[in-house]
Amino acid sequence: MDMSAFPLELPETDRPMVRFMNVTKSYGRLVVLDQLNLDIAAGEMVSIIGPSGSGKTTVLRMLMTLETINGGVIYVDGKPLTHMAKGGKLVPADERYLRMMRSSIGMCFQHFNLFPHMTALQNCMEGPVQVLGLSKQEARERSEELLSLVGMIAKKDQHPSRLSGGQQQRVAIARALAMRPKVMLFDEVTSALDPEVIGEVTNVIRKLVAEHNLTMLMVTHQMGFAHDISDRVCFFFGGKIEEQGPPDILFGAPQRDRTKQFLSAVKEAH
Amino acid sequence: MMFHWRWDFTYEILPRLMWATVNTLIAAGAGYAIALVLGLILALAQRTNWKPLTFVVREFVEFIRSTPLVLQIFFVFYVGPQFGVRLSPWTSGMIAIGLHYSAYLSEVYRAGIEAVPRGQWEACRALNMSTADTYLRIIIPQALPPSVAGMGNYLVGIFKDTPMLSVIGVAELMHTANAIGAENYRFLEPYTMVGVIFLAISLPTAGLVRLFEGWLRRKLGL
Ligand SMILES: Nc1ncnc2c1ncn2[C@@H]1O[C@H](COP(=O)(O)OP(=O)(O)O)[C@@H](O)[C@H]1O
Ligand SMILES: [Mg+2]
């Protein structure tokens, strides 16, 4: 792989919060993402929609460094994430470098992944205390503030097994925010929820968009929600961005046939 | 009539058997402590990405599990000195039994760790936790409750295997019962009492392990 086409650092004048540059991901011979190029500006809310298996989750997992990539480079805040500079060249990042870079990114999962042996509050305090080195007192204040933000302060001493799916997901959002990431990733955070509690989670995300200057990348099946809150929507198909644009245009006047087909299929299902 | 049970003889040998019981418990306890710690190290070593290490550890575990404990005890005690490792029967015995059970316990731990959902590892990664914190604070606490039953089985197992140490002269219960029998030409009472003592300790232990498992789950809020 010739890395000379990739800068060691993005220039000040062209520095999105996240840049996927010719990123390729494959599992064996299955190419999941093919030469993906995607920029996300600071403070931007970008939604990813598309059929199952089109590579949406993989995009987030690569950015969270849960997956290694097979080609290209991901930059976060101008610095390479998947690679590091060594002797004037980009080489695959080692674990130490990843630990430094990963702190800019937070993620919420479809199945919450709360720590079952800890209360809601302990879940939120774990990262700030163990990773950021905050005192228990500071971590507790920060966590309680965030649990209030997501409307879970009354249940802060409950273990996840005593919480509903919607409540668990709200705690998971607070837990991720407690690390003060610059970029938040949401992977179908409402897909595992009963219909009547979806609103309590989407309302939290709406609040984040309205009141906080976070950069967000969200995979969702809820077209109405994506329409309401996104600055931009990307339609993925077969490991590529088939079409992207402002929500009014992508949902209101899609250009590509595949986008139209997908959107009408989704509409029919509802 | 040799099959006539003599209570007076039973009472007479009881103190010696009690001391031997203490020895047996010490041997089992020390062997188990070695096995608990070494087993965890073996289990974690098998999860590293360093191929030579995982290979050696896996072969070691396979070797231990495929050869008799008695052979391993003889090996440590009689072959050790040829390599300049001269150990007392007690030390050899506890090392051998500890090594032996560490192989089994490593499998228990491994299954316990593998039972923790992948999402837990990913959450740790997303929170940027170190590998040590991930294991110590998140994975092992969750791997423990499902492992307790298996760990308890091997606790009883190690206890029941201590008679094997009599072959190198460790004065545990079996060894003592043999000595009493040989001195008095009566084996009925000492052997019966050894059986009673083993039963009296094994049965409640299994129950206590189950109680401990329940307590642990509650303590961890699982
Ligand atoms: N660990 C894996 N091993 C092999 N194939 C995988 C793995 N993870 C995902 N895939 C494949 O990659 C493709 C994209 O997956 P994913 O990003 O999860 O899709 P989406 O989130 O859009 O439904 C799918 O075909 C999926 O089967
Ligand atoms: Mg997905």
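This structure is a prediction, so every number in the text was calculated from the model and none was measured. Scope of the values below: all heavy atoms of this structure, side chains included, with no hydrogens, waters or symmetry mates. So that the names make sense, note that chain A is the first sequence line, chain B the second, and so on, each numbered from 1.
Heavy-atom neighbours of A:Glu145 CD from other residues, nucleotides or ligands within 6.0 Å: at or below the threshold of 12. For B:Arg47, the CZ atom sits in a packed shell: over 12 heavy atoms of surrounding residues, nucleotides or ligands are nearer than 6.0 Å. Counting heavy-atom neighbours within 6.0 Å of A:Lys25 NZ, excluding the residue itself, gives a total above 12. The 12-atom threshold is not exceeded at CZ of A:Arg162, counting heavy atoms of other residues, nucleotides or ligands nearer than 6.0 Å.
Of the N and O atoms on the side chains of A:Gln137 and A:Glu141, at least one donor lies less than 3.5 Å from an acceptor on the other residue.
Of the two parts of A:Phe115, the backbone and the side chain both hold a non-hydrogen atom closer than 4.5 Å to a non-hydrogen atom of chain B. For a residue to count as touching a neighbouring chain, one of its non-hydrogen atoms must lie under 4.5 Å from one of that chain's; by this rule A:Ile105 touches chain B with the backbone only. When heavy atoms are compared at a cutoff of 4.5 Å, A:Leu132 does not approach chain B at all. With a 4.5 Å cut-off on non-hydrogen atoms, B:Gln120 touches chain A through its backbone and its side chain both. The part of A:Ser161 that comes within reach of chain B is its side chain, from C-beta onward, which places non-hydrogen atoms under 4.5 angstrom from that chain. Heavy atoms of A:His117 lying under 4.5 Å from chain B belong to its backbone as well as its side chain. Contact annotation for A:Arg175: both backbone and side-chain heavy atoms come within less than 4.5 Å of a heavy atom of chain B.
Between chain B and the residues A:Arg99, A:Met107, A:Glu95, the largest count of heavy-atom pairs under 4.5 Å involves A:Arg99. Between chain A and the residues B:Ile138, B:Leu220, B:Leu127, the most heavy-atom pairs under 4.5 angstrom are made by B:Ile138. Heavy-atom pairs under 4.5 Å with chain B peak, among A:Arg61, A:Gln110, A:His111, at A:Arg61.
B:Phe159 and B:Phe198 have their aromatic ring centers within a separation under 6.0 angstrom.
The stretch residues 110-134 of chain B participates, sequence neighbours left out, in these ring-ring contact (aromatic ring centres under 6.0 Å, His included) pairs: B:Trp121-B:Tyr135.
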Hey, mind stepping through A:Thr190 and A:Gln222 against side-chain hydrogen bond (donor to acceptor under 3.5 Å, both in side chains) and telling me if it holds?
-> CA-CA 9 Å; A:Thr190 57; A:Gln222 293 177 273; 2.6 Å; yes

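A salt bridge does not link B:Glu122 with B:Arg125: every distance from a Lys NZ or Arg NE/NH1/NH2 to an Asp or Glu carboxylate oxygen is 4.0 Å or more. A salt bridge is defined here as a Lys NZ or Arg NE, NH1 or NH2 lying under 4.0 Å from an Asp or Glu carboxylate O, and B:Glu213 with B:Arg217 meets this definition.
A distance of 10.0 Å separates CD of A:Glu67 from CG of A:Leu33, quoted to the nearest 0.5 Å.
When the heavy atoms of residues 72-106 of chain B are compared with those of chain A, none of the residues falls under 4.5 Å.
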